[in-house]
Colleague: 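Before I ask anything, let me first share the structure, which is written out below as structure tokens.
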There are 2 protein chains.
Amino acid sequence: MTRAGVIYPSDRVTLREVGLRDGLQIAKSQPSTEAKIAWLEAERAAGVQHYEIGSFLPATRFPQFADIDAMIAAGERLDIHSAALTLNERGAEAAVQTAIREMVCVVSATEEHSQANMHRSREAAVELVGKVVAMRDAQAPEKLVNAGIAMALGCSISGNVNPEEVVRLAAACLEAGADIVGIADTVGYAGPKAVGALCARMEKLCGSQPFIIHLHDTRGMGVANAAAALDSGARVIDASLGGLGGCPFAPGATGNAVFEDIVFLSESMGFTTGIDLDRLKDVRRIAEEAMPDDEFHGALHRAGPPKNADWQAKTLV
Amino acid sequence: MTRAGVIYPSDRVTLREVGLRDGLQIAKSQPSTEAKIAWLEAERAAGVQHYEIGSFLPATRFPQFADIDAMIAAGERLDIHSAALTLNERGAEAAVQTAIREMVCVVSATEEHSQANMHRSREAAVELVGKVVAMRDAQAPEKLVNAGIAMALGCSISGNVNPEEVVRLAAACLEAGADIVGIADTVGYAGPKAVGALCARMEKLCGSQPFIIHLHDTRGMGVANAAAALDSGARVIDASLGGLGGCPFAPGATGNAVFEDIVFLSESMGFTTGIDLDRLKDVRRIAEEAMPDDEFHGALHRAGPPKNADWQAKTLV
């Protein structure tokens, strides 16, 4: 089995909690390192094992990720699978020196967004994936390299996105040595039909290997899109606690798909998650206290799961 | 074509806005009749044609529906398809005297809920449907009789619900003369898999005739469940403006599926709704002003639809 297949087994659903990365990207509050570690501890106790915990970005511009080393250390202590963004060579050079378990590179689905946002062409972004893979191979062969295709389901600049292009770029990233690729509805443009269709293409591309779907709830489609993704063979889904995250192009908009609601969805569809929804409430309390200026979303935490009916998937045997 | 087939054509999606009925059932605020009519006018201008506008219930116990006559008059002036709950013979006797276009009867999916909530057996509830049909036939043959199966996807008292029982009760209601039947996830227990499976059975039962799916967002599954329903042949979906409604069994919980988000979902899935999302914002403003003590939900209204990408379904030809 490939190393990605070990971390993200194809016979079950893996939920990646990205609140401590994407959820903090444009947050108003600055949770302390202590609060972030308490969040991680409580969420690990609730059964969550896969996280994005920060970004290797200049601390001057992104102070919310300045404590990446402390977060990685906490992650190791808790034995979670930790991932962090490495958006350029400098970030990757720093990352390979740490105990981070997964380095996440980003390639834009459209040339317009790539140039405007990353100041490089898509081909240069794919090349960077190859460079990160080479660094990893030389210095930290146990790490995963993840390549995410941003704006894969709609672009804030060029609007509609051609799925053929997304699959072509994902294939190029795999070709460059990425262990796993992801497709992101970065600005929440898609409905379940488009998500299902793109996941079906990705499954064809990846075969028995996992791929990631990264969803935003900007237009309320987060859970529906996750359901369509699961129906179309996706087995790794990104979501954030309380739907933290927002959208830089739509001030006041909702953020990532809501982690708690996606746990309930997965269980309802027959995929056991190993996550305790009651204990997730504790995590939410910690995060809400640490981020008083940010809005938390979702429905499940208000009502709790049905008390008198079967809703949990049968445990994997 | 049957009369239900004329009002709810099988070749398109019809969204029923139930905010003025289910949305007010346990609301904290008491919107004035003027505000409710302004809501109806603005929503009609946005292209919404199908509504539940109230209940025929004793005004002493349900003052929020005391103005049902004024609401029906407004509905006629606006030429909308208006529906109202008729939960007992007295309600139906009153309803047939008015210009209401659809009388909605309710049958519980479980005997336990029927006895506890309606103080009658399920068979007696089905008999009542027959009586309402007879009244309609004798006095107001142009009206529709709608029979909704409450707790069809999970019951606050007995938990799991047998889909066979739901289909049996729906068939009995059709047998009793109902023009259209509905299935309601009254307490928001279901995920998309269960909703899709029940809708597929209902489609088999109803053939080319429409049936209604009534969804709550209590656990965040509203939009995903609507998507599954559409995938499984449902073409009539209930939702409420801003997700008004709540759940009597889970204080603080979210309410009905969010109308605005379901409009976006439908369009994204290729079903044209004829509804102008921009103008729905005006309706929301009116309702929020009139219901200051209630929480409004949803995501679409925050971000608006994508500005630079195709998201609307092609118009029906």
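Letters go in sequence order (proteins before strands), and every chain restarts at 1. Predicted model, so just to flag it, every value in this text is computed and none were measured.
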Colleague: Shortest non-hydrogen contact from B/Lys307 to A/Tyr189?
Modeller: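 Between these two residues, the closest heavy atoms are N-OH, 4.3 Å.
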
Colleague: Heavy-atom distances under 4.5 Å only: say whether B/Leu230 touches chain A with side chain, backbone, both or neither.
Modeller: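 Neither part, no heavy atoms under 4.5 Å.
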
Colleague: Who wins among A/Ala227, A/Cys247, A/Ser156, A/Ala303 for the most heavy-atom pairs under 4.5 Å with chain B?
Modeller: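 Looking at each of A/Ala227, A/Cys247, A/Ser156, A/Ala303 in turn, A/Ala303 comes out on top.
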
Colleague: Might you confirm whether atom CZ of A/Arg279 has over 12 heavy atoms from other residues, nucleotides or ligands at distances under 6.0 Å?
Modeller: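 For A/Arg279, atom CZ is not crowded (no more than 12 foreign heavy atoms under 6.0 Å).
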
Colleague: Between B/His297 and chain A, with a heavy-atom cut-off of 4.5 Å, which part of the residue counts as in contact: side chain, backbone, both or neither?
Modeller: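 When you check distances to chain A, only side chain atoms of B/His297 fall under 4.5 Å.
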
Colleague: Roughly how far, to the nearest 0.5 Å, is CG of A/Asp231 from NZ of B/Lys193?
Modeller: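 One finds 9.0 Å between NZ of B/Lys193 and CG of A/Asp231.
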
Colleague: When you check the gap from the basic side-chain N to the acidic O, do A/Glu295 and B/Arg302 get nearer than 4.0 Å?
Modeller: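 Answer for the salt bridge query: yes.
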
Colleague: Testing the basics here: between B/Ala299 and A/Asp217, what is the closest heavy-atom pair and its distance to 0.1 Å?
Modeller: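 The answer is CB-O, 3.4 Å.
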
Colleague: Looking only at heavy atoms, which two atoms of B/Gly220 and A/Val223 are closest? And how far apart?
Modeller: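 The pair with the smallest heavy-atom distance is O-CG2, 3.6 Å.
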
Colleague: When you look at B/Asn160 and A/Trp311, which way does the side-chain contact (heavy atoms from CB on, under 4.5 Å) test go after all the steps?
Modeller: CA-CA 9 Å; B/Asn160 297 336; A/Trp311 62 272; over 6 Å; no

Colleague: Compare every heavy atom of B/Cys155 with every heavy atom of A/Asn308, then report the nearest pair and how far apart it is.
Modeller: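 Shortest heavy-atom separation between A/Asn308 and B/Cys155 comes out as ND2-O, 3.2 Å.
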
Colleague: Out of B/Gly188, B/Ser158, B/Gly243, B/Pro305, which one racks up the most heavy-atom pairs below 4.5 Å with chain A?
Modeller: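 Looking at each option in turn, the highest pair count goes to B/Pro305.
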
Colleague: If you compare all heavy atoms of A/Pro192 against all heavy atoms of B/Ser268, which two are closest, and at what distance to 0.1 Å?
Modeller: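 Here A/Pro192 and B/Ser268 meet closest at CD-OG, 3.9 Å.
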
Colleague: Are B/Leu265 and A/Arg219 close enough, and set up right, to give a side-chain contact (heavy atoms from CB on, under 4.5 Å), and what steps lead you there?
Modeller: CA-CA 9 Å; B/Leu265 171 81; A/Arg219 288 164 188 89; over 6 Å; no

Colleague: Using a 6.0 Å cut-off, check whether atom CD of A/Gln312 has over 12 heavy atoms from anything other than its own residue.
Modeller: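 Yes, CD of A/Gln312 has more than 12 neighbouring heavy atoms, counting only those of other groups under 6.0 Å.
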
Colleague: Top residue by heavy-atom pair count (under 4.5 Å) with chain A, among B/Gly191, B/Ala190, B/Pro306, B/Ala253?
Modeller: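 It is B/Pro306.
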
Colleague: Give, as side chain, backbone, both or neither, the part of B/Ala250 having an atom under 4.5 angstrom from any heavy atom of chain A.
Modeller: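 Only the side chain of B/Ala250 comes within 4.5 Å of chain A.
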
